[in-house]
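To keep things clear, I will list the structure first and then write my remarks on it.
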Amino acid sequence: MAVWYAARTMGWPAKAVIAAVLLAVLLVAAVPVALLAGVVMMLLGHIAGGLALFGASVLAAAAAVVIAGLSGVRHLRRLAGQRGYRVVQLRRGDYRSG
């Protein structure tokens, strides 16, 4: 195993960010299913339960997206603050394409 490989393996903060992103994606993907289940519940007469199911799924998905975003930004700032991580500051003229 090469020496650089040990330095490039993910630590637990990176794995936690990936887990948070996967949870957010799964919860966002579950919102249409919750909508369908809520509509079925409302058709069967459980109006409050159907609305609560859909509302709770939307709130859970939104909270997961916010948590994943914040933890990702924090992890990226921690990576950029390391001494060996090279970040280049662009000048105003570097943004023009031609």
Side-chain angles (χ1 to χ4, degrees):
M1 183 182 297
V3 175
W4 61 268
Y5 183 76
R8 293 180 59 113
T9 58
M10 289 188 295
W12 69 269
K15 291 179 184 177
V17 169
I18 291 171
V21 168
L22 286 176
L23 178 66
V25 168
L26 288 175
L27 286 175
V28 168
V31 168
V33 175
L35 175 63
L36 181 64
V39 168
V40 169
M41 285 179 68
M42 286 188 270
L43 289 175
L44 294 175
H46 301 285
I47 304 296
L51 290 174
L53 175 68
F54 180 63
S57 69
V58 169
L59 285 176
V65 167
V66 168
I67 289 170
L70 291 176
S71 63
V73 167
R74 190 178 74 227
H75 184 67
L76 184 62
R77 284 184 180 168
R78 190 178 303 143
L79 276 178
Q82 290 178 353
R83 185 173 173 94
Y85 197 79
R86 301 184 73 134
V87 177
V88 177
Q89 182 84 25
L90 295 176
R91 295 184 305 256
R92 185 178 296 265
D94 293 335
Y95 289 105
R96 294 193 197 110
S97 61

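We use all heavy atoms of the structure for the numbers below, so side chains are in, but hydrogens, waters and symmetry mates are not. Numbers for residues simply follow the sequence, beginning at 1.
Cluster annotation: V25 is not connected to L23 through the hydrophobic network of ILVMFWY side chains, with a link wherever side-chain heavy atoms come within less than 4.5 Å. Placement of L51 and L36 in two distinct hydrophobic clusters is found when ILVMFWY residues are connected by side-chain heavy-atom separations under 4.5 Å, directly or transitively. In the hydrophobic clustering of ILVMFWY residues, with side-chain heavy atoms under 4.5 Å counting as a link, L44 and F54 come out apart. V65 and L27 fall into different hydrophobic clusters, where Ile, Leu, Val, Met, Phe, Trp and Tyr residues are linked whenever their side-chain heavy atoms come under 4.5 Å apart, directly or through other members.
Nearest heavy-atom pair across V31 and A61 is CG2-CB, 3.9 Å. Taking each heavy atom of S57 and A34 in turn, the nearest pair found is OG-CB, 3.3 Å. Across all non-hydrogen atoms, the minimal contact from A20 to S71 is CB-OG, 4.2 Å. Considering all non-hydrogen atoms of both residues, L53 and M41 come closest at CD2-SD, 4.0 Å.
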